[in-house]
Enquirer: 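I have a structure here, written as structure tokens, and I will follow up with some questions on it.
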Protein chains: 2
Amino acid sequence: MSTRVPQERRRRRPTRSGILLSEDLIVETALRLIGEHGPEALSVRRLGAALGCDPTALYRYFHGTDDLVLAIADRIIGDAMAGFVPGDDWVASLREMALRVRAGYLAHPRAAALAAHRVTRRRNEIRAVETGIGLLLTAGFEPADAARLYLAFIDTVLSHAATEAAFHALPRQQREADHRAWRDVYQDLDPATYPALTAVRPELAGMADSSFPQAVDLLLEALAARARALTRRPTAP
Amino acid sequence: MSTRVPQERRRRRPTRSGILLSEDLIVETALRLIGEHGPEALSVRRLGAALGCDPTALYRYFHGTDDLVLAIADRIIGDAMAGFVPGDDWVASLREMALRVRAGYLAHPRAAALAAHRVTRRRNEIRAVETGIGLLLTAGFEPADAARLYLAFIDTVLSHAATEAAFHALPRQQREADHRAWRDVYQDLDPATYPALTAVRPELAGMADSSFPQAVDLLLEALAARARALTRRPTAP
DNA sequence: ACATTGGGTCAACCCTGTTGACGTAAGGCG
DNA sequence: CGCCTTACGTCAACAGGGTTGACCCAATGT
């Protein structure tokens with residue numbers, strides 16, 4: 001019974017445990033499940049149990065797991081960008097965009113990890129591109145540069161966010177093992193063959209931390225420097 | 001029988017079908033399997049079948065699926081970095097590292113999707129970290145900064161490379177559809193609500209190109225600027 | 001030549017997503 | 001009001017996943 005998922009449903013019939021299913025309720029329950037019990041808690045059976053219905057009832061609302069994940073991703077995008085208005089400071093605005101995207105992904109890592117590399121081409125994405133390129137244009141960049149530089153910026157942000165989300169989407173054991181790896185493995189290395197690692201050994205514990213803000217800062221630093229160079233020589237060869 | 005995976009094996013016993021198992025052979029077969037039939041084709045049972053052995057024989061070589069994935073990831077790193085020697089120019093060397101990692105991922109796009117954001121804690125990865133941090137130390141950064149900045153650099157490189165690999169791993173139809181979708185969607189937008197996009201419309205065709213070199217250049221630009229600031233004021237407050 | 005034991009094999013367990021059949025109750029309609 | 005259709009919740013079952021413990025053969029050191 002794969003396929004036809006109707007747009008509007010007329011016959012609303014309570015489950016054995018008394019609740020009324022709906023697309024929204026399922027998506028919300030799925031997000032809650034992930035938030036409470038970790039990303040690995042999202043399975044059709046567990047979702048059914050959390051909803052108080054037979055797991056296969058979900059197939060009346062979504063074609064399959066993938067369809068459900070896309071529905072979840074759609075909501076994440078909307079939530080992340082909701083209420084954002086770019087300010088006068090284009091660097092600060094780009095930074096806030098970056099942090100919002102990252103926060104949206106991290107709020108729901110597993111869904112983000114699954115949907116990150118897809119092109120949504122929906123309204124929220126289009127508006128984000130409009131906003132970002134607009135900011136670079138006000139910074140003084142030529143249209144061609146604004147487009148190219150925005151692409152480099154947003155690709156970095158999205159890639160980083162997706163990577164972080166993917167890491168958070170790992171099963172807890174693997175996640176913690178990766179975390180510990182920097183402490184354990186990298187601590188006792190032969191100083192002769194690994195001089196640089198030995199020199200920075202006290203700092204290696206921090207390698208498990210996120211590099212997202214640092215990377216965004218570096219990128220914005222380079223963009224600001226290029227913008228300053230522009231205003232100094234408005235029409236360069 | 002989870003656990004003890006010996007470093008060197010002495011008793012090499014052929015499988016029922018006559019082949020001799022080895023860690024390398026398993027990793028290579030896994031890479032071939034993923035390359036031919038996609039990441040979802042990698043399962044213990046299928047890998048056993050491809051190797052001509054009982055699936056559970058793999059547990060003599062790897063603690064579990066995760067361990068195998070890490071071995072694959074490290075193999076990709078090793079292949080990419082094979083023969084690399086850092087030169088005198090630390091910026092150029094970091095750029096070559098970035099391009100090598102990217103090339104390695106693109107060589108195995110589908111495997112890269114699995115392995116990209118893991119800490120392999122194996123030899124090839126450790127050597128790469130040693131090399132990268134060493135380059136930043138020769139650039140004049142303090143140990144703490146070198147570690148943090150390298151993390152930001154390599155995370156950006158790995159994230160970008162993973163994103164590109166994921167895109168290349170898509171079926172051709174879907175890839176080209178995404179490619180076209182960008183042009184199509186952004187073609188006829190209302191100039192009033194999307195002024196910036198309208199201003200850069202001729203440049204939007206290039207949005208489908210890779211932003212990898214651009215992003216790496218921006219990052220290295222920021223790093224070089226910080227290094228210059230260091231040498232100007234060797235001991236800043 | 002023999003004891004040791006590494007490691008290939010097998011059967012079994014519990015988890016997944018997904019499907020087709022079944023029946024019940026909800027809602028339209030006379 | 002009551003019938004008839006059918007939406008949809010339920011159930012059983014299947015195929016495939018990772019992982020484990022027991023088994024036992026043969027390769028190796030002595």
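Below, read A as the first sequence line, B as the second, and so on, with proteins coming before strands; counting in each chain starts at 1.
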Enquirer: Can you check whether A:Ser43 has a side-chain N or O nearer than 4.0 Å to OP1 or OP2 of C:dT16?
Expert: yes

Enquirer: Starting the side chain at C-beta, find the nucleotide from C:dA26, C:dC22, D:dT19 nearest to A:Pro14.
Expert: C:dA26

Enquirer: Charged N to carboxylate O below 4.0 Å: is that the case for B:Arg122 and B:Glu23?
Expert: yes

Enquirer: Could you check which of D:dT19, C:dT19, C:dG8 has an atom nearest any side-chain atom of A:Tyr59?
Expert: C:dT19

Enquirer: Can you measure B:Ile26 atom CD1 to C:dG7 atom C1' for me and round it to whole angstrom units?
Expert: 11 Å

Enquirer: Grab the CG-P distance between B:Leu58 and D:dT20 for me, whole Å please.
Expert: 13 Å

Enquirer: According to a strict under-4.0 Å criterion, is B:Tyr61 in side-chain N/O contact with OP1 or OP2 of C:dG8?
Expert: yes

Enquirer: Are any of the side-chain heavy atoms of B:Phe153 and B:Leu158 separated by less than 4.5 Å?
Expert: no

Enquirer: Would you call B:Asp66 and B:Arg118 a salt bridge, taking side-chain N to carboxylate O under 4.0 Å as the test?
Expert: yes

Enquirer: Closest to the A:Asp54 side chain: C:dC22, C:dG7, D:dC11?
Expert: D:dC11

Enquirer: When you measure from the side chain of A:Thr56, which nucleotide among C:dC10, D:dG18, D:dC11 comes out closest?
Expert: D:dC11

Enquirer: How long is the line joining CG of A:Leu47 and P of D:dT10, in whole Å?
Expert: 13 Å

Enquirer: Between atom CZ in B:Phe62 and atom C1' in D:dG18, what is the gap in whole Å?
Expert: 16 Å

Enquirer: What is the separation between atom CZ on A:Arg60 and atom P on C:dC22, rounded to the nearest whole Å?
Expert: 14 Å

Enquirer: Is any side-chain nitrogen or oxygen of B:Thr65 closer than 4.0 Å to OP1 or OP2 of D:dT19?
Expert: yes

Enquirer: Rounding to an integer number of Å, can you tell me how far A:Leu21 CG sits from C:dA26 P?
Expert: 14 Å

Enquirer: With a 4.0 Å cutoff (strictly under), does any side-chain N or O of A:Arg46 reach OP1 or OP2 of C:dT16?
Expert: yes

Enquirer: Give a yes or no on whether a donor-acceptor pair under 3.5 Å exists between the nucleobase atoms of D:dG18, that is its base, and the side chain of B:Arg45.
Expert: yes

